Amino acid sequence: MSAKETIGKGISEKSNFIHQIIEKDLSEGKNQGRVLTRFPPEPNGYLHIGHAKSICLNFGTALKYGGVTNLRFDDTNPQKEEDEYVRSIMEDVRWLGFDWGDRLYYASDHFGKLYEFALKLIREGKAYVDDQDAATISNQKGTPTRPGTESPFRNRSVEENLRLFKAMKDGGFDEGHCVLRAKIDMSSPNMHMRDPILYRIMKTPHHRTGDQWVIYPMYDFAHGQCDFWEGITHSLCTLEFEVHRPLYDWFIDQLKEGDYRPQQIEFARLNLTYTVMSKRKLLELVRDKYVNGWDDPRMPTISGMRRRGYTPASIRNFAERVGVTKVEGISDVTLLEHSVREDLNKTARRVMGVLNPLKVIITNYPDNKTEKLEAINNPEDPDAGTREVPFGRELYIERDDFMENPSGKFFRLAPGREVRLRYAYFITCNEVVRDASGNVTALLCTYDPASRGGNSPDGRKVKATIHWISAPHALEAEVRLYDRLFTVEDLSEEKERDFKEFLNPESLVILPRSYVEPSLKDAAPLSHWQFERVGYFNVDPDSGPGRLVFNRTVALKDSWSKEKK
RNA sequence: UGUCCUGUGGUGUAAUUGGCAACACGUCUGACUCUGGAUCAGAAGAGUUCAGGUUCGAGCCCUGACAGGACAACCA
C-alpha cells in the first residue's frame, strides 16, 4: 500500500500559504516541477505532537504535489545525540503513517563535504580560526541593539588559517582551544551574521562516525548545505529560524553553481493548552521522574499519545485542522481530543466496564441462573457485529449511576426509580444496603422479566440506560485515568515561576479494582475500546496474562458533568 | 534604542488576490436515541489592533502608530 493510500484522502486537502507558494513555484516551472521536502529532527529526544505537525506538513505536502520527503537526522552534536532517539523517531514517523522509502539521511553523511566547503571558505578569505574562548567571543558579539567588535584573529592569513584548521581536524588542539568562524559582518543588525561559528572541537564519540572526527560543524553551518546537497526544494521550518535564513542564503551563495537553491519557508510551531512542548522541559519531566518515561500517556510525545490510545488518523486530522500559518498562537487541546473521539467513535468496539463498582442484587431473579444477552459491538459500524454478554442475579453498576437523594436533572438509579440495564432488563431499586459506618455497599433491586433485551412490551419509558457487569463473570482490571498534565492553559504566560509548579497532582488516578466484561479477556495490547457511557480506553502494554490494565484515552462527552456544576 | 516576523468571533483557520467576513472546535437551544455518546436542526458570538490615506468599494494596497513574538549557546 502506498503512503498516500495509507493516509487516505483528507490529508492536505486544506490549503495554506506554503501550498500557495509551492503552487506558484510549480506554475513557473521552478525546480523542473520537483517537490522534495525533508523532516530533520535532532536525535536528542522523543518526538512530540509539535513534530507531528511538522511531519504531516512535510510528508503531506510532498504527497500532495507528487514529491517525496527525506528523513534526515541533524546529528551535529555528539554530546546530546543517541541511537535510542534515532530508533524512536523512525518508529514514530512510521506509526504516523509516513514513509521516507530509501531517503534516510544524516547530517553526518555530509561531514566530509562540509569540511571541504569550510576549506573553500578559508581559501577565499571568508573564514578564519579564532583562538579566543567562548566568553570572549560572546562578548564581542555585541547585542541586538549594539554592534559587535572584530576578533583580533580575524585577519589571519589564508595559509595560517588552513594550517590551523587542519590541525583542529587532526586533534592538535584541546576542546575549546579555538573555533572556525565565517568572516561576514560584525556590525550586522542580524546577530547571526556576526562572524558565526562554523566548527568547534569536540572529542566526544559520535553515534555514527565514532571517533573519526574531533571537529563538528554547527547546526547553522550544516543544515542549509545538507538541504542543498540533498536537492531539497522547499525547506519548511519553524519561525525562530527566520532570522537565520540570511546566513543560510549566504552559505548557499558561496556554494551553488547553477540556479538551484532550497527555499526555506517558516511556519509557526504548535502550542497546546495545558501542555509544554519544549524538548528540554520534556526531558526534565522524564529525567526527574515527574512522569514515567517518554511514553507516559500524559506526555505530549507521539509515543505517549500512542500508549494513551490516540490513533495516527486522529493526530493527522488534528494537524490538518490547526492548519499552517505564521501566527504564533496556542491551540486548544480539546480540538485534539475531539479528533481522537471522532476517529475512535467510528472504529472502537463498545464494551461495558465499571470503573467504580457498586453491587446490585436482583432479588426476584433466580439464583444460579445465567443467561446470555446480545449486545451490539459498534452502532457506527454494522459490520462489527454483535456479541453475547452474561447476565445473572448479582451485578456491578457504576457507583456514579446511583444517587440516594437524586437532585435536579439526575435521571439514573435512585430508590424507587426504574432504569434500563443496557441490552438487559429494566430494574427498580427497592432497598439500599449499608455497612456499619453507613456507606452504601449494595442495592437490592427487582427486574421486569418482560423487558428482556431492554425493551418494554407495554411501551413504558425509562429516563436512563446504565451499564453493568455480571459479578461472577466480571474481569478485574486496573484502570488509569489521565487528566491534563498541567493546571494552567498557557504555560508561556507563567514566566516567573517554574513550569513544574503547575503540574497537575491529579493527572494520573489509578483505579486498582475496576471490572470489565469477560469478552475483554484476551484484548490485545494497545487495542482500542469504548466503555459505554464512560470513555475510550486502550489496553496498556503493562497488561499480561491474568492482568488487564486500561488507559483512559479520552472521556466521552458528558452533558451530565456540566449539569452538576 | 537595532533587525526580522505577526495582529480576523473564546480558540484554530478561511475569504475566488480590491466586491455584503466563511468554516471547524467550543458554547447555548431543540429533535432523535436502549450510550446524558453519536447523529440531525438551529442560535448566539468578530466588522478584521488603532488612526489616517488611495478607491465607487479595503480584512486584503499605502503611511504612521500600538501590541505580541523571534534574535546576543563552541545547542538544534
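Naming: A, B, ... by sequence-line order, numbering from 1 per chain. Source: prediction; values computed, not measured. Only heavy atoms go into these numbers, but all of them, side chains included; no hydrogens, no water, no symmetry mates.
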Asker: Taking ring pair (Phe, Tyr, Trp, His ring centres under 6.0 Å) as the criterion, tell me which of Trp213(A), Tyr106(A), Phe111(A) meets it with His206(A).
Answerer: Phe111(A)
Asker: Syn or anti for rU17(B), taking syn as within 90° of 0?
Answerer: syn
Asker: Describe the nucleic acid contact of Asp220(A) in one word from base, sugar-phosphate, nothing, applying a heavy-atom distance below 4.0 Å.
Answerer: nothing
Asker: Please state the P separation for the pair rA46(B) and rC5(B) - nearest whole angstrom.
Answerer: 32 Å
Asker: So what does Tyr216(A) touch, heavy atoms closer than 4.0 Å: a base, only the sugar-phosphate, or nothing?
Answerer: nothing
Asker: Answer with base, sugar-phosphate or nothing: what part of the nucleic acid does Leu421(A) contact at a heavy-atom distance below 4.0 Å?
Answerer: nothing
Asker: Return the polar atom pairs (N/O with N/O) between nucleotides 71-75 of chain B and the protein under 3.5 Å, or none.
Answerer:
residue : atom : partner   : partner atom : Å
rC71(B) : O2'  : His192(A) : NE2          : 3.0
rA73(B) : OP2  : Ser138(A) : OG           : 3.4
rC74(B) : N4   : Gln132(A) : O            : 2.9
rC74(B) : N4   : Ala134(A) : N            : 3.3
rC74(B) : N4   : Gly176(A) : O            : 3.2
rC75(B) : OP2  : Arg200(A) : NE           : 3.3
rC75(B) : OP2  : Arg200(A) : NH2          : 3.0
rC75(B) : O3'  : Arg200(A) : NH2          : 3.2
rC75(B) : O2'  : Asn77(A)  : ND2          : 3.3
rC75(B) : O2'  : Lys80(A)  : NZ           : 3.3

Asker: Reading 5' to 3' and counting Watson-Crick or G-U wobble pairs with both distances under 3.5 Å, write the dot-bracket notation for RNA chain B, | for bases paired outside the strand.
Answerer: .((((((..((((.....[..)))).(((((.......))))).....(((((..]....))))))))))).....
Asker: For rU35(B), take OP1 and OP2 only and decide whether either is under 4.0 Å from a side-chain N or O of Lys463(A).
Answerer: no
Asker: What's the shortest heavy-atom distance between Pro357(A) and Arg399(A), and which atoms?
Answerer: O-NE, 3.7 Å
Asker: At 4.0 Å (heavy atoms only), tell me whether Lys495(A) reaches a base, stays on the sugar-phosphate, or touches nothing.
Answerer: sugar-phosphate
Asker: Could you give me the CA-CA distance, side-chain angles and deciding distance for Phe267(A) and Thr325(A), then say whether side-chain contact (heavy atoms from CB on, under 4.5 Å) is met?
Answerer: CA-CA 6 Å; Phe267(A) 63 93; Thr325(A) 64; over 6 Å; no
Asker: Looking at rG69(B), rA76(B), rG37(B), which one has an atom nearest to any side-chain atom of Glu328(A)?
Answerer: rG69(B)
Asker: Given the C1' atoms of rU54(B) and rA58(B), what is the spacing between them in whole Å?
Answerer: 10 Å
Asker: Hey, is the side chain of Arg412(A) pairing donor to acceptor with the base of rG36(B) inside 3.5 Å?
Answerer: yes
Asker: Are any side-chain N or O atoms of Arg194(A) and backbone N or O atoms of Thr143(A), one a donor and one an acceptor, separated by less than 3.5 Å?
Answerer: yes
Asker: Without decimals, in angstroms, what is the distance between Ile376(A) CD1 and rG37(B) P?
Answerer: 17 Å
Asker: Are Phe391(A) and Tyr425(A) close enough that their ring centers fall under 6.0 Å?
Answerer: yes
Asker: Starting at CG of Asn271(A) and ending at P of rU13(B), how long is that distance when rounded to a whole Å?
Answerer: 10 Å
Asker: Return no unless some side-chain N or O of Gln264(A) is found under 4.0 Å from OP1 or OP2 of rC4(B).
Answerer: no
Asker: rG45(B) and rG7(B): how far apart are their P atoms, nearest whole angstrom?
Answerer: 26 Å
Asker: Remember a base hit wins even if backbone is also touched, and classify Phe426(A) as base, sugar-phosphate or nothing at under 4.0 Å, heavy atoms.
Answerer: nothing
Asker: Per the atom types in the model, does the base of rG37(B) pair as donor or acceptor with the side chain of Glu380(A) at under 3.5 Å?
Answerer: yes
Asker: So, does Arg350(A) get its side chain near the phosphate of rG37(B), meaning an N or O under 4.0 Å from OP1 or OP2?
Answerer: no
Asker: Which is it for Asp174(A) and Ile201(A) under the side-chain contact (heavy atoms from CB on, under 4.5 Å) test, yes or no, and what are the steps along the way?
Answerer: CA-CA 7 Å; Asp174(A) 291 338; Ile201(A) 298 166; over 6 Å; no
Asker: From the options rG7(B), rA15(B), rG36(B), select the nucleotide whose nearest atom is closest to the side chain of Ser559(A).
Answerer: rG36(B)
Asker: Evaluate side-chain contact (heavy atoms from CB on, under 4.5 Å) for Arg38(A) paired with Asn58(A), printing each intermediate quantity in order.
Answerer: CA-CA 6 Å; Arg38(A) 100 271 93 106; Asn58(A) 277 293; 4.0 Å; yes
Asker: Indicate yes or no: at least one non-hydrogen side-chain atom of Asp130(A) is less than 4.5 angstrom from one of Ser151(A).
Answerer: yes
Asker: Syn or anti for rG47(B), given that syn means the glycosidic angle lies within 90° of 0?
Answerer: syn
Asker: Expressed in angstrom and rounded to an integer, what is the separation of Phe531(A) atom CZ from rA38(B) atom P?
Answerer: 19 Å
Asker: Rounded off to whole Å, could you give me the CD-to-P distance for the Glu563(A) and rG36(B) pair?
Answerer: 14 Å
Asker: What's the gap between rU49(B) and rC66(B) when it is taken at their C1' atoms, as a whole Å value?
Answerer: 7 Å
Asker: Expressed in angstrom and rounded to an integer, what is the separation of Gln20(A) atom CD from rA14(B) atom C1'?
Answerer: 10 Å
Asker: By the 4.0 Å heavy-atom rule, please label Pro41(A) as base, sugar-phosphate, or nothing.
Answerer: nothing
Asker: Quick check: closest heavy atoms across Tyr216(A) and Met202(A), and the distance to 0.1 Å?
Answerer: CE1-O, 3.3 Å
Asker: Could you run through nucleotides 24-33 of chain B and give me one letter per nucleotide, 5' to 3': B if any protein heavy atom sits under 4.0 Å from the base, S if only the sugar-phosphate is that close, - if neither?
Answerer: SSSSS-----
Asker: Do NZ/NE/NH1/NH2 and the carboxylate oxygens of Arg269(A) and Glu240(A) come within less than 4.0 Å?
Answerer: yes
Asker: Nearest-Å distance, NZ (Lys14(A)) to P (rA22(B))?
Answerer: 17 Å
Asker: Between rU8(B) and rG68(B), how far is it from one P atom to the other, in whole Å?
Answerer: 14 Å
Asker: Under 4.5 Å between any side-chain heavy atoms of Phe117(A) and Phe221(A), yes or no?
Answerer: yes
Asker: Considering only the P atoms, how many Å lie between rC61(B) and rU48(B), rounded to the nearest integer?
Answerer: 15 Å
Asker: Kindly determine whether Arg420(A) and Ser451(A) satisfy side-chain contact (heavy atoms from CB on, under 4.5 Å), including the steps that lead there.
Answerer: CA-CA 9 Å; Arg420(A) 172 169 37 234; Ser451(A) 62; over 6 Å; no
Asker: Give the rounded distance in Å between these two atoms: CD of Glu532(A) and P of rG37(B).
Answerer: 13 Å
Asker: Any ion pair linking Glu320(A) and Arg316(A) (charged N to carboxylate O, less than 4.0 Å)?
Answerer: no
Asker: Output yes when Lys80(A) and Glu42(A) qualify as a salt bridge under the 4.0 Å nitrogen-oxygen rule, no when they do not.
Answerer: no
Asker: With rounding to the closest Å, how many angstrom separate the P atoms on rG9(B) and rA15(B)?
Answerer: 16 Å
Asker: Can you tell me how far P in rC71(B) sits from the matching atom in rA14(B), rounded to whole Å?
Answerer: 24 Å
Asker: Heavy-atom nearest nucleotide on RNA chain B for Thr325(A) versus Gln530(A): which residue maps closer to 5'?
Answerer: Thr325(A)
Asker: Without decimals, in angstroms, what is the distance between Glu517(A) CD and rU35(B) P?
Answerer: 16 Å
